[in-house]
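Please read these numbers as outputs of a predicted model, since none were measured by experiment.
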Amino acid sequence: MGVQIIYQETKVRNRRTFTLSAWCKRSGISSSNTILSSGTNGDNYFFIDFSNNNRIQCLDIGSGSYQIRLDTNRLIRDPSAWYHIVLAVDTTQGTASNRVKLYVNGVQETSFSTATYPSQNYDTNLNNSNTANIGRYVIESSRYYDGYLSEVILVDGQQLAPTSFGVANSDGVWTPIIYSGTYGTNGFNLQFENAAALGTDSSPNGNTFTVNNLTSIDQSTDYPVVNYATLNPLAYRLDSGVSLPTYSDGNTTVSYASDGGAGKSSMGTICFDQGKWYWEYKVNSANDTVFGGITRADYDPNDNFAGRSIYYNKTGALSVGTGTGGTADGSYGSTYTTADIISVAFDCVNGVIWLAKNGTWQNSATQSEIEAGTTTNSATTGITLNQFWSPFLEGANSGMSINFGSPAFAISSGNTDGNSYGNFEYAVPSGYYALNTKNLAEYG
């Protein structure tokens with residue numbers, strides 16, 4: 001989650017044939033996000049990244065000239081989605097376009113704004129004696145990958161199809177499978193399973209990477225098969241003179257500028273109109289406005305998010321916007337501030353929402369009431385159910401981290417939902433679930 005900086009010294013110089021497979025979920029949109037790079041200087045290097053115009057770009061510069069350059073016409077700009085990227089190279093091929101093949105979610109890319117293929121038997125700048133960098137652009141030390149990475153695999157000496165790493169499930173969604181082939185001398189398989197050593201190579205080669213600027217909290221349980229909600233950097237207010245929210249930690253932490261107290265809003269990447277859902281948010285700073293809850297998902301960038309939301313203010317008030325149902329309560333709950341954790345339990349079945357401060361449900365509510373499906377002591381009732389809802393945060397001169405089950409902050413207890421998903425500070429009410437695609441398929 002967030003910046004990934006990993007290095008490995010390569011061992012041999014097999015530079016003509018290899019396959020790179022990586023599962024990627026972008027956080028920084030419209031910024032350059034390097035997946036892998038290798039090289040010695042600005043005249044000799046290789047990289048593959050998401051460019052700042054949201055396209056996949058693969059470059060190999062040799063002696064200062066483009067030897068390989070593929071720029072897709074396809075846009076990769078969905079911060080809620082996992083993408084499977086496969087780059088399959090074999091410069092010994094007789095047909096130029098067969099020497100470098102790029103696949104997205106199992107489908108070969110054939111539409112490029114620029115397509116430069118290497119000469120036959122060209123030695124690339126990957127798999128040479130230089131350091132391979134995952135999540136860092138070797139030529140610009142300040143340019144990193146911003147997002148999530150999973151199952152980064154390099155196969156040395158083979159040009160493979162994406163079916164070696166993924167398959168379409170019964171719903172037609174491209175999903176990971178276990179790679180069962182060989183790796184060659186220089187190959188590796190990074191599963192990121194060991195939080196204390198994220199660079200551990202799971203292949204027989206033991207090509208373990210050195211990890212830089214990462215700690216155990218940077219390991220995420222967000223995964224292509226269990227895709228968790230995050231905050232959506234593409235959904236924001238455009239009020240005149242108001243700054244956009246600033247996101248970090250894989251779009252789970254947000255900072256809001258002061259702007260004279262004008263609020264900025266954030267909503268989630270997963271919306272729902274059925275089921276019962278639970279999440280938490282932690283207050284990182286509370287200099288001015290701080291509140292959170294739910295908002296109608298009919299997004300309008302010129303709309304006042306708070307005006308169509310139900311939220312718990314740091315002042316203790318419960319506010320209810322138009323078109324949401326429910327009733328406002330100026331003295332609903334306790335005040336809260338920096339370091340406090342707010343729990344949100346939203347019941348789409350009965351049209352009620354419950355809120356807690358540091359594990360204590362407000363308005364004298366009890367866990368048993370919440371689990372029983374009653375409306376007694378809920379924050380508000382009568383919430384309109386014939387529309388989609390989204391998690392919601394808003395603030396000014398403040399910041400928060402949201403936990404949909406894969407937290408960006410340390411958890412001292414560790415609680416899961418009834419399907420064993422999530423890592424929460426406080427107990428998840430029975431019948432409520434973490435916001436991820438597995439639970440959404442079952443209950444949403």
> Would Lys438 and Asn419 count as a side chain to side chain donor-acceptor pair (under 3.5 Å) if you check the C-alpha gap in whole Å, the side-chain angles of each, and the deciding distance to 0.1 Å?
Replying inline: CA-CA 9 Å; Lys438 277 287 190 181; Asn419 285 340; over 6 Å; no

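- Of all heavy-atom pairs spanning Phe18 and Leu154, the tightest one is CD1-CD1, 4.0 Å.
- A distance-only check finds no donor-acceptor pair linking the side chain of Thr252 to the backbone of Thr230 [under 3.5 Å].
- Side-chain atoms of Tyr421 and Tyr228 form no donor-acceptor pair, as typed in the model, at a separation below 3.5 Å.
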> Can you check side-chain contact (heavy atoms from CB on, under 4.5 Å) on Asn403 and Glu425, steps first, answer last?
Replying inline: CA-CA 9 Å; Asn403 179 12; Glu425 186 65 54; over 6 Å; no

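- Judged by distance alone, with hydrogens and angles left aside, the side-chain atoms of Tyr148 form a donor-acceptor pair with the main-chain N or O of Gly250 at under 3.5 Å.
- The minimum heavy-atom distance linking Gln362 with Thr360 is given by the pair NE2-O, 2.9 Å.
- In this structure, OG on Ser27 lies 10.0 Å from CG on Leu231, to the nearest 0.5 angstrom.
- The line from SG of Cys271 to CZ of Arg296 is 12.5 Å long, rounded to the nearest 0.5 Å.
- Remark: side-chain polar atoms of Glu394 are not paired, donor with acceptor, to backbone N or O of Phe291 under 3.5 angstrom.
- Within the 3.5 Å criterion, the main-chain N or O of Gly184 finds no donor-acceptor partner in the side chain of Asp156.
- In this structure, CE on Met267 lies 9.5 Å from CZ on Phe392, to the nearest 0.5 angstrom.
- Applying the ring-ring contact (aromatic ring centres under 6.0 Å, His included) definition to pairs two or more places apart or across chains, none involves residues 348-379.
- A donor-acceptor contact shorter than 3.5 Å links the side chain of Thr380 to the backbone of Thr327.
- Every pair passing side chain to side chain donor-acceptor pair (under 3.5 Å) that includes a residue from residues 162-177 is listed here, sequence neighbours excluded: His84-Trp174.
- In this structure, Phe46 CZ and Leu36 CG are separated by 6.0 Å, a value rounded to the nearest 0.5 Å.
- A donor-acceptor contact under 3.5 angstrom links the side chains of Thr182 and Gln158, judged on distance only.
- Counting only N and O atoms by type, the side chains of Tyr247 and Ser266 include a donor and acceptor under 3.5 Å apart.
- Closest non-hydrogen pair, Val254 versus Pro245, comes out as CG2-CB, 3.6 Å.
- Side chain to side chain, Asn73 and Ser111 meet the donor-acceptor criterion of an N or O pair below 3.5 Å.
- For the pair Phe404/Ile270, no side-chain contact is recorded, criterion being any heavy-atom separation below 4.5 Å from C-beta on.
- Within the 4.5 Å cutoff, side-chain heavy atoms of Arg26 are placed close to those of Ile76.
- When the salt bridge (Lys or Arg N to Asp or Glu O under 4.0 Å) test is applied to Asp78, no partner is found at least two apart in sequence or on another chain.
- Under the 4.5 Å side-chain criterion, counting only non-hydrogen atoms from C-beta, Thr295 is not in contact with Tyr311.
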> Checking side-chain contact (heavy atoms from CB on, under 4.5 Å) for the pair Ile48/Leu102: CA distance, chi angles, key distance, verdict?
Replying inline: CA-CA 10 Å; Ile48 180 169; Leu102 181 64; 4.2 Å; yes

> Should Ser413 and Phe424 be marked as a side-chain contact (heavy atoms from CB on, under 4.5 Å) after you check the CA-CA gap, both sets of side-chain angles, and the distance that decides it?
Replying inline: CA-CA 8 Å; Ser413 53; Phe424 296 102; over 6 Å; no

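- Across all their heavy atoms, Asn227 and Ser80 have their closest contact at ND2-O, 2.7 Å.
- Contact annotation: the side chain of Leu393 never approaches that of Val290 to less than 4.5 Å [non-hydrogen atoms, C-beta and beyond].
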> When you look at Phe112 and Asp71, which way does the side-chain contact (heavy atoms from CB on, under 4.5 Å) test go after all the steps?
Replying inline: CA-CA 5 Å; Phe112 299 99; Asp71 297 323; 5.7 Å; no

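- Ring-plane geometry between Tyr433 and Trp277 is classed as perpendicular, the angle between the planes exceeding 60 degrees on a 0 to 90 degree scale with a lower cut at 30.
- A side-chain donor-acceptor contact under 3.5 Å links Asn284 and Ser401.
- Of the inter-residue distances, the one linking Ser430 atom OG with Ile370 atom CD1 reads 11.5 Å to the nearest 0.5 angstrom.
- Although no hydrogens or angles enter the test, the distance criterion places a donor-acceptor pair under 3.5 Å between the side chain of Asp417 and the main chain of Ser420.
- Inter-residue side-chain proximity for Val344 and Ile353 is flagged as met; some heavy-atom pair is nearer than 4.5 Å.
- Take Tyr103 and apply the ring-ring contact (aromatic ring centres under 6.0 Å, His included) test, not counting sequence neighbours, and it matches no residue.
- Ser202 places none of its side-chain heavy atoms less than 4.5 Å from the side chain of Tyr183.
- Although no hydrogens or angles enter the test, the distance criterion places no donor-acceptor pair under 3.5 Å between the side chain of Arg77 and the main chain of Asn54.
- Side-chain contact check for Leu190 versus Thr200: every heavy-atom pair is 4.5 Å or farther apart.
- The shortest non-hydrogen separation linking Ala345 to Tyr432 is CB-CE2, 3.7 Å.
- Among residue pairs with one or both ends in residues 354-382, none qualify as salt bridge (charged side-chain N to carboxylate O under 4.0 Å, His left out); sequence neighbours excluded.
- Judged by the 6.0 Å and 45° rule, Lys264 forms no cation-pi pair with Tyr256.
- Closest non-hydrogen pair, Val138 versus Asn133, comes out as CG2-ND2, 3.9 Å.
- Ring geometry for Tyr179 versus Phe165: interplanar angle under 30°, hence parallel rather than tilted (30 to 60°).
- Between Leu435 atom CG and Leu440 atom CG the span is 7.5 Å, to the nearest 0.5 Å.
- Within the 4.5 Å cutoff, side-chain heavy atoms of Ile35 are placed close to those of Cys24.
- A donor-acceptor distance shorter than 3.5 angstrom exists from the side chain of Ser390 to the backbone of Gly268, with no hydrogens or angles considered.
- Within the 3.5 Å criterion, the main-chain N or O of Leu160 finds no donor-acceptor partner in the side chain of Lys101.
- Sorted by first then second residue, the side chain to side chain donor-acceptor pair (under 3.5 Å) pairs that include residues 335-353, not counting sequence neighbours, are Tyr278-Ser343, Tyr281-Tyr336, Asp340-Asn358, Asp347-Asn350.
- Looking only at distances, a side-chain donor or acceptor of Asp201 sits under 3.5 Å from a matching main-chain atom of Gly206.
- Relative to the six-membered ring of Phe47, Arg143 meets both conditions, a distance below 6.0 Å and an angle of at most 45° to the axis.
- Looking only at atom types and distance, the side chain of Ser243 has a donor-acceptor partner in the side chain of Asp259 under 3.5 Å away.
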